[in-house]
Amino acid sequence: VFIRKVEARGFKSLGDKTVVVKFEPSFNAITGPNGSGKSNIMDSILFCLGQNSPKKLRVDRLTSLIYDGGPSVKRSQSIRVSVTLDNTKRQIPLDSDTVTVTRELRQTGENIYLLNGKRVTKNVMNETLSIALISPEGLNFVPQGIITRLSELVPDEKRGLIEEIV
Amino acid sequence: VFIRKVEARGFKSLGDKTVVVKFEPSFNAITGPNGSGKSNIMDSILFCLGQNSPKKLRVDRLTSLIYDGGPSVKRSQSIRVSVTLDNTKRQIPLDSDTVTVTRELRQTGENIYLLNGKRVTKNVMNETLSIALISPEGLNFVPQGIITRLSELVPDEKRGLIEEIV
Amino acid sequence: KRHVFLTGFEKIDKELRVIFTNLTGGAAWLELEDPDEIFSKGVFLMTQFLDKLPRESSAVSGGEKTVSAISFILAIQSVYPSHFYMFDEIDAHLDVRNSERLADLLRERAVNAQIIAVTLKDTVLARASLVYGVYMEKGTSQIVKYRPDLAVATTSGKQQQHQ
Amino acid sequence: KRHVFLTGFEKIDKELRVIFTNLTGGAAWLELEDPDEIFSKGVFLMTQFLDKLPRESSAVSGGEKTVSAISFILAIQSVYPSHFYMFDEIDAHLDVRNSERLADLLRERAVNAQIIAVTLKDTVLARASLVYGVYMEKGTSQIVKYRPDLAVATTSGKQQQHQ
Ligand SMILES: Nc1ncnc2c1ncn2[C@@H]1O[C@H](COP(=O)(O)OP(=O)(O)OP(=O)(O)O)[C@@H](O)[C@H]1O
Ligand SMILES: Nc1ncnc2c1ncn2[C@@H]1O[C@H](COP(=O)(O)OP(=O)(O)OP(=O)(O)O)[C@@H](O)[C@H]1O
Ligand SMILES: [Mg+2]
Ligand SMILES: [Mg+2]
């Protein structure tokens, strides 16, 4: 299962027009100046795949993820992020070569989840993804600053980390 | 008061032969690969100017500052670091255009302090330097990683920091 | 419980040795502080960089700590693999040579799993097969497919050359 | 006590505004969370980067946090000056443009006080008046006066070109 593309509208600095980013199965890199939106792209993927901790998405509450406009631009009404995953090996239990995971968040705080365009509950979403071992808490996500924190762990904390993982 | 030169022998990775580094009064830069010894040069200056906290010098105890050799080189017997400061404005209460601060540390843990080659007690050393507002705890020293820690302070910690400084 | 821990510990140790040597030419390994008191004592990440003495990872330079931490997390990922990986500026404290070696290793690992890495380093961008440049325009992020002639422009914030 | 705090607070705020605008073209200022409860509440470091909305410094990007922290420490140093300054890799998370602007500012400030800065960034080295390169040989640090043709050699760890 790899990420074929990400489509995001209204998510943090990504703005109110839908942004499409396609990825290759190999080594993709994202670069740009400080504050340009690179980590926000990562956040949008985590958000779509089920991350609900505002702290981990670097906001005070989830509704703060909504694009709040600029000095001359209006705030967005809602967020809509879709992540299209390759499913040719059917690791996700759905019979399609790609699986599109969609999450919408309204200003009310209401969340809507879609799998291949069909509405599902949050539980079904999480369970479907976890069968393919996909989770926003996975060891495959290394957010900005984690390596620095890892490099400062004392031996007791390192043992604790291994305990948690194992 | 600025640093004219640093002479170090036996200090961390700087090895057993005396290393001499001369600085200009303006913008000096030090570069090189990871682990080459750049921060150790900074540590040698802090050590010489009176730093006694092993933690701040990134060791478990002060005697660990002694050059411990390499796979094929012997350990040093002692450390000797001299920092020569410009004193043309007589900010340090000694009548010489330069003041040389020297600190020796033996494997026994014994410290020896010299001002312009003359032996003094640790107290006299600290008091002489503090008259010129020189201290290893000064706000003018920004060690590696401090900016990262500063950038992660919460508002209460920021107030606490300003309180301490003021 | 002890058995579960030790099995995982040994697998991670095995991967760590290979990865660290790959990245540095030196050696690294995990050590239990006290094999009889596993859960009340710690784990040492021992590192011996090329031509140096072995040291616990908290006793090495800033960049060396980063190399050790990266080797550790990559070892964990080798033991518990995923289909895709996302790294956000893991190379921040690395010098040119270390970031080159890391980028080479990531390119190798990307053969078997997708990697999406945020980086500010040209050495890393040079080894990616697809690069996106992100820049800000009036408070909104713009994302463009990268062209090498834009390299300096994008990371330095001068966006007038974008297409 | 309140008076002492507020006097220092206002001086630091004043310097912060100038320095941050110098570095980014945007604006920054300090705000008391609650002016009636100074010592039981916090201090906000408000930052408005160019063409963006104002945000508390904990709500901005990694590199923007670094710029804010650097501006803060430089402001404190302007209020409580020294004769020399030592900075160890304060530019680690900055992109090319921000590190250029920081290096320009340091060069300006070095007119009045000595600065010794450790850096891995070529943009910063380019603006220094004296540069030392450090490299390891058999576990011992070697320090050489820097020549621009050694630039890549020293930071990338390939030392055979040193003199
Ligand atoms: N809800 C929001 N609406 C609009 N902009 C936002 C929102 N939340 C955050 N931002 C903006 O997004 C920017 C941060 O983006 P991001 O963290 O992705 O930067 P980055 O490219 O990773 O930078 P760095 O290299 O410094 O890590 C900030 O400048 C912030 O102002
Ligand atoms: N007592 C000692 N004797 C010999 N070598 C030592 C001693 N203490 C530390 N070292 C070595 O010094 C090296 C670290 O040097 P330093 O911290 O100055 O590196 P650096 O140039 O600042 O690197 P970075 O760019 O990664 O921060 C380590 O590799 C360590 O092995
Ligand atoms: Mg970021
Ligand atoms: Mg260092």
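The shown structure was predicted, so the numbers you read here are calculated from the model rather than taken from an experiment.
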Novice: Any chance you could measure C:Lys65, atom NZ, to B:Arg58, atom CZ, to the nearest 0.5 Å?
Specialist: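 Interatomic distance, C:Lys65 NZ to B:Arg58 CZ, rounded to 0.5 Å: 7.0 Å.
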Novice: Give the minimum heavy-atom separation between B:Gly35 and C:Ser61, together with the two atoms involved.
Specialist: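 Closest approach of B:Gly35 to C:Ser61, heavy atoms only: N-OG, 3.2 Å.
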Novice: Counting heavy atoms not belonging to B:Arg149, are there more than 12 under 6.0 Å from its CZ?
Specialist: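 For B:Arg149, atom CZ is not crowded (no more than 12 foreign heavy atoms under 6.0 Å).
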Novice: Of all heavy-atom pairs between C:Asp95 and B:Asn34, which one has the smallest distance, and what is that distance?
Specialist: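 That would be OD2-N, 2.5 Å.
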Novice: How long is the gap from OG1 on B:Thr148 to NE2 on C:His93, to the nearest 0.5 Å?
Specialist: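 These two atoms lie 5.0 Å from each other.
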Novice: Is it the backbone or the side chain of B:Asn40 that comes under 4.5 Å from a heavy atom of chain C, or both, or neither?
Specialist: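 The answer is neither part of B:Asn40.
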Novice: In plain terms, say whether B:Asp68 and C:Lys52 are close enough for a salt bridge, that is, a side-chain N and a carboxylate O under 4.0 Å apart.
Specialist: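 No, this pair does not count.
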Novice: Are any non-hydrogen side-chain atoms of B:Arg75 and C:Leu53 less than 4.5 angstrom apart?
Specialist: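 SC-SC contact between B:Arg75 and C:Leu53 ruled out.
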